[in-house]
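We're numbering straight along the sequence, starting at 1. Hydrogens, waters and symmetry mates are skipped; everything else that's a heavy atom, side chains included, is used.
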Amino acid sequence: MISPAAELRLVVARGFAARLRGLHAFQAFTGGVGLWLVPCRAIHSVRMRYDIDVVFLDKKLRVVRVVENLRPNRLAWCRGAASVVELPAGYCATTPGYETALARALADATG
């Protein structure tokens with residue numbers, strides 16, 4: 001189980017190339033690190049080697065949809081989303097109060 005006090009740090013992918021590369025730039029995706037894709041309302045896990053949790057956010061950075069344990073070679077989208085945070089698989093289920101950790105990480109990432 002991931003500690004509820006564990007800090008979450010987000011890597012921000014804003015440009016087209018960075019969003020396209022996405023998690024493919026990571027050999028492994030673990031611990032308290034996530035990828036924030038801005039803007040984004042749909043993601044894929046094509047050619048990924050591991051599952052991920054996906055959190056869709058609206059323009060006010062509120063959670064509008066969560067897809068837990070998205071397997072490789074799948075798609076996920078949310079019409080009302082403005083951005084997406086990709087997290088290690090199981091993060092949402094095993095981190096009590098993950099939304100609070102996510103809100104802190106988003107605030108840190110936006111400066």
Got a sec, which residues hit side-chain contact (heavy atoms from CB on, under 4.5 Å) with [X], two or more places apart in sequence or on another chain?
X: E68; answer: D53, V66, C92, A93
X: A105; answer: L8, L10
X: D58; answer: K60, R62, V64

Taking atom [atom1] of [X] and atom [atom2] of [Y], what is their separation to the nearest 0.5 Å?
X: L102; Y: W36; atom1: CG; atom2: CH2; result: 9.0 Å
X: E86; Y: I52; atom1: CD; atom2: CD1; result: 4.0 Å
X: L106; Y: D108; atom1: CG; atom2: CG; result: 9.0 Å
X: I43; Y: L70; atom1: CD1; atom2: CG; result: 5.0 Å

Pair up each side-chain donor or acceptor in residues 73-80 with any protein partner under 3.5 Å, not counting sequence neighbours, and list the distances.
| unit_1 | atom_1 | unit_2 | atom_2 | d |
| --- | --- | --- | --- | --- |
| N73 | OD1 | R47 | N | 3.1 |
| R74 | NH1 | P72 | O | 3.4 |

**Message:** What verdict does the side chain to side chain contact (heavy atoms under 4.5 Å, CB included) test give for V54 and V85, after you've listed the backbone C-alpha separation in whole Å, the side-chain angles of each residue and the deciding distance to 0.1 Å?
**Reply:** CA-CA 6 Å; V54 182; V85 175; over 6 Å; no
**Asked** Looking at residues at least two apart in the chain, or sitting in another chain, which of them share a side-chain hydrogen bond (donor to acceptor under 3.5 Å, both in side chains) with R9?
**Response** none
**Prompt:** Between the side chain of S83 and the main-chain N/O of C40, is any donor-acceptor distance below 3.5 Å?
**Reply:** no
Which pair of heavy atoms, one from [X] and one from [Y], lies closest together, and at what distance?
X: L61; Y: L57; result: O-CD2, 3.9 Å
X: F56; Y: R41; result: CE2-O, 3.5 Å
X: R71; Y: D51; result: CA-OD1, 3.4 Å

